[in-house]
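For reference, the structure is listed below as structure tokens.
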Amino acid sequence: MMRIAKPSIFYCVLLLVFTTIGCKQNKKENQSEMETAKTESEQNPIEETIFGEMPDGTKVKKFTLKNEAGMEVDVITYGGIITRWTAPDKQGNYEDIVLGFDSLEQYLDGSPYFGALIGRYGNRIANGKFSLDGETYTLATNDGDNHLHGGEKGFDKVVWNGVAKNTDKGANVELTYTSQDGEEGYPGKLDVKVTYTLTADNALDIQYEAVTDKPTVVNLTQHSYFNLSGQLSKQILDHEIYLNADAYLPVDGGLIPTGEFREVAGTPFDFKEPKLIGKEIEADNEQLDLGKGYDHCWVLNEGEEDFGLAASAYHPNTGRLLEVYTNEPGIQFYSGNFLDGTLPAQTGGTYVKRSGFCLETQHYPDSPNQADFPSVRLNPGETYSSRTMFKLSTK
Ligand code: BGC
């Protein structure tokens, strides 16, 4: 029995050893499965680094959002600025397609709103004044006689709080900022949240939200200057623009809309079919003279969808196509007319006149003073909500 028992004990021990090893191996396998799963859920890790330091010591963070396709978008907490955005050309080469700077100092030294979030009010308010419920509010006149892009220290010049995370829609960064009652002359304490999400199909989806504790006006936008050629110091005249608009808003000498909705048909402002920016930009036209090129708000056609295609830009040489979707009623197409070659470009050379164009989705300029324009009023208890998506592809 003993003789029989001995081997059985031996086998039992052996079995136990193997089982234990097996279990351990299973555990290891499970563990490596878990590691893979972890890697999968974190396959687009969002890099967070320090971009620079404000004069008061506040650190400015930089988040790099990535997707599976290889697109990368750098967002800094100063101004919510997109400093770099890579997109593939038709050969699959990724290049930066937005104007920007390498260092925080350059942004602090003076930037024409490169890549920045704009608030509380995108574009101009005539004479820096508007009335709400019988009270007149006075804002900074930081553009001749008018107020531009939120004033002396708009949302493009403040440090936002930034939190990045991976979501099922893609890597995103949520920026929040509280603008105090009276800041830059605007009434009401405004809590703002802007979320940039980079999706798997090369779109940057931007969601803007705001709430106030007093009636106020709000019109937020994004001021990226695009150059789809990837050669950021070159002019953008060779890009084809499409604007889904039958009318635009003519301006006066201070670039304030006159209040007229003018048909684009038969004018250089007609982009209902894609047209090269350079084709008619130098045409003899009073409105082009006033804007020194294109610097106007187009009245977007109302489609069946609430969130439709508003505009596109195509660069034939590289094949890059940018599509802009929004639920805003207007789009400011600005052809970079005030760039003057004094600022250094990231890719060498300088940012010359018309080396970038902006497609700023928004309510119309000067709406607080124009009764016929859609309202930009926000009341306590309401949530300002606006969405714009910039989608890149090639053709
Ligand atoms: C305006 C231009 C202005 C530019 C500032 C644009 O949104 O329409 O007139 O010069 O911003 O960079």
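What's counted below: heavy atoms across the whole structure, side chains too, no hydrogens, waters or symmetry copies.
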I'd like to check Val75 versus Ile81 (side-chain heavy atoms, cut-off strictly below 4.5 Å). Are they in contact? no
Any side-chain donor paired with an acceptor under 3.5 Å for Asn379 and Glu382? yes
Hphob cluster co-occupancy, Ile277 + Ile331, side-chain heavy atoms under 4.5 angstrom: yes
Just checking, is any N or O donor in the side chain of Gln222 or Ser224 under 3.5 Å from an acceptor N or O on the other one? yes
I would like to know whether Asp109 and Phe101 meet side chain to side chain contact (heavy atoms under 4.5 Å, CB included); could you show each step before the answer? CA-CA 11 Å; Asp109 279 353; Phe101 297 125; over 6 Å; no
Check whether NZ of the Lys or CZ of the Arg Arg120 lies under 6.0 Å from the centre of the six-membered ring of Phe155 and within 45 degrees of that ring's axis. no
Honestly curious: do Phe338 and Tyr351 fall in one hydrophobic cluster under the side-chain, below-4.5 Å linking rule? yes
Flag, side chain of Asp213 to backbone of Lys189, donor-acceptor distance under 3.5 Å: yes
Take Thr138 and Lys129 through the test side-chain hydrogen bond (donor to acceptor under 3.5 Å, both in side chains) and record every step on the way to the result. CA-CA 5 Å; Thr138 303; Lys129 284 200 190 310; 3.1 Å; yes
Candidate pair Phe269 and Asn285, rule side chain to side chain contact (heavy atoms under 4.5 Å, CB included), full reasoning: CA-CA 10 Å; Phe269 290 79; Asn285 177 286; 3.6 Å; yes
So, Asn142 side chain and Gly151 main chain: donor-acceptor pair closer than 3.5 Å or not? yes
Between Val218 and Leu190, is there a side-chain heavy-atom distance shorter than 4.5 Å? yes
Salt bridge check: are Glu280 and Lys275 linked by an N-O gap of less than 4.0 Å? yes
Quick check on Asp145: does its CG atom have over 12 non-hydrogen neighbours (other residues, nucleotides or ligands) under 6.0 Å away? no
Short side-chain donor-acceptor distance under 3.5 Å, Thr86 and Asp96: no
Atom CG of Asp372 with >12 non-hydrogen neighbours under 6.0 angstrom: no
The test is ring pair (Phe, Tyr, Trp, His ring centres under 6.0 Å); show your working for Phe51 and Phe63 and say whether it passes. CA-CA 9 Å; Phe51 186 68; Phe63 299 96; over 10 Å; no
Lys292 atom NZ, neighbour heavy-atom count above 12 within 6.0 Å: no
Could you please spell out the steps behind the ring pair (Phe, Tyr, Trp, His ring centres under 6.0 Å) verdict for Phe373 and His363? CA-CA 8 Å; Phe373 289 179; His363 272 55; over 10 Å; no
Thr77 side-chain N/O to Lys61 backbone N/O, donor-acceptor pair under 3.5 Å: yes
Ring centres of Tyr314 and Tyr242 under 6.0 Å apart? no
Distance-only donor-acceptor check, side chains Ser103 and Gln106, under 3.5 Å: yes
Test ring pair (Phe, Tyr, Trp, His ring centres under 6.0 Å) on Phe333 and Phe271 and set out the steps. CA-CA 11 Å; Phe333 167 42; Phe271 287 96; 5.7 Å; yes
So, Gln370 side chain and Pro257 main chain: donor-acceptor pair closer than 3.5 Å or not? yes
NZ of Lys234: more than 12 outside heavy atoms within 6.0 angstrom? no
Value rounded to 0.5 Å, distance of CG in Asp340 from CZ in Arg354: 13.0 Å
Aromatic contact, Tyr113 with Tyr107 (centres under 6.0 Å): no
So do the side chains of Asp89 and Ser229 get within less than 4.5 Å of each other, counting heavy atoms only? no
Whether the side chain of Ser131 engages the backbone of Gly134 through a donor-acceptor N/O pair (distance < 3.5 Å, no angle test) should be reported. no
Check: Asn337 main-chain N/O paired with Tyr294 side-chain donor or acceptor under 3.5 Å: no
Using a 4.5 Å cut-off on heavy atoms from C-beta on, say whether the side chain of Trp85 contacts that of Met71. yes
Checking ring pair (Phe, Tyr, Trp, His ring centres under 6.0 Å) between Phe114 and each of Tyr225, Phe226, Tyr78, which is the one that passes? Tyr225
Walk me through it: do Lys272 and Asn244 pass the test side chain to side chain contact (heavy atoms under 4.5 Å, CB included)? CA-CA 6 Å; Lys272 285 189 286 180; Asn244 180 20; over 6 Å; no
Any side-chain to backbone donor/acceptor pair from Lys90 onto Arg320? Under 3.5 Å, distance only. no
Distance from Thr258 atom OG1 to Leu290 atom CG, nearest 0.5 Å? 10.0 Å
Side-chain donor-acceptor pair under 3.5 Å between Lys169 and Thr199, yes or no? no
NZ (Lys153) with more than 12 external heavy atoms under 6.0 Å: no
Do the side-chain N and O atoms of Gln332 and Asp295 include a donor-acceptor pair separated by under 3.5 angstrom? yes
Asp246 backbone acceptor or donor facing Asn301 side chain under 3.5 Å: yes
Rounded to the nearest 0.5 Å, the CD1 atom of Ile118 sits from the CG atom of Asn219 at a distance of 10.5 Å
If you round to the nearest 0.5 Å, how far is CD of Glu53 from CD of Glu105? 9.5 Å
Residue pair Ser385 / Gln207, side-chain donor-acceptor N/O under 3.5 Å: yes
Side chains of Thr64 and Glu72: do they bring a donor and an acceptor to under 3.5 Å? no
Report yes if the side chains of Tyr384 and Leu220 come closer than 4.5 Å at any heavy-atom pair, otherwise no. yes
Rounded to the nearest 0.5 angstrom, the OG1-CG distance for Thr383 and Leu378 is 7.5 Å
Starting from the C-alpha separation in whole Å, work towards a yes-or-no answer on side chain to side chain contact (heavy atoms under 4.5 Å, CB included) for Tyr325 and Phe390. CA-CA 7 Å; Tyr325 297 81; Phe390 293 101; over 6 Å; no
Would you say Gln235's side chain and Lys353's backbone share a donor-acceptor pair under 3.5 angstrom? yes
Looking only at side chains, do Asn146 and Asp143 share a donor and an acceptor under 3.5 Å apart? no
Would you check if there is a donor-acceptor pair between the side chains of Asp238 and His315 at a distance under 3.5 Å? yes
Look at the side-chain heavy atoms of Ile, Leu, Val, Met, Phe, Trp and Tyr, link any pair under 4.5 Å apart, and say whether Leu204 and Leu309 land in one connected group. no
Inspect the contact between Glu328 and Arg387 and indicate whether a charged nitrogen and a carboxylate oxygen are less than 4.0 angstrom apart. no
Please confirm whether His296 and Tyr364 have ring centers closer than 6.0 angstrom. no
Between the CD atom in Gln231 and the CD1 atom in Ile97, the distance rounded to the nearest 0.5 Å is 14.0 Å
Is there a donor-acceptor pair under 3.5 Å between the side chain of Thr361 and the backbone N or O of Thr326? no
Decide whether Ser355 and Ser233 meet the rule of one side-chain donor and one side-chain acceptor closer than 3.5 Å. no
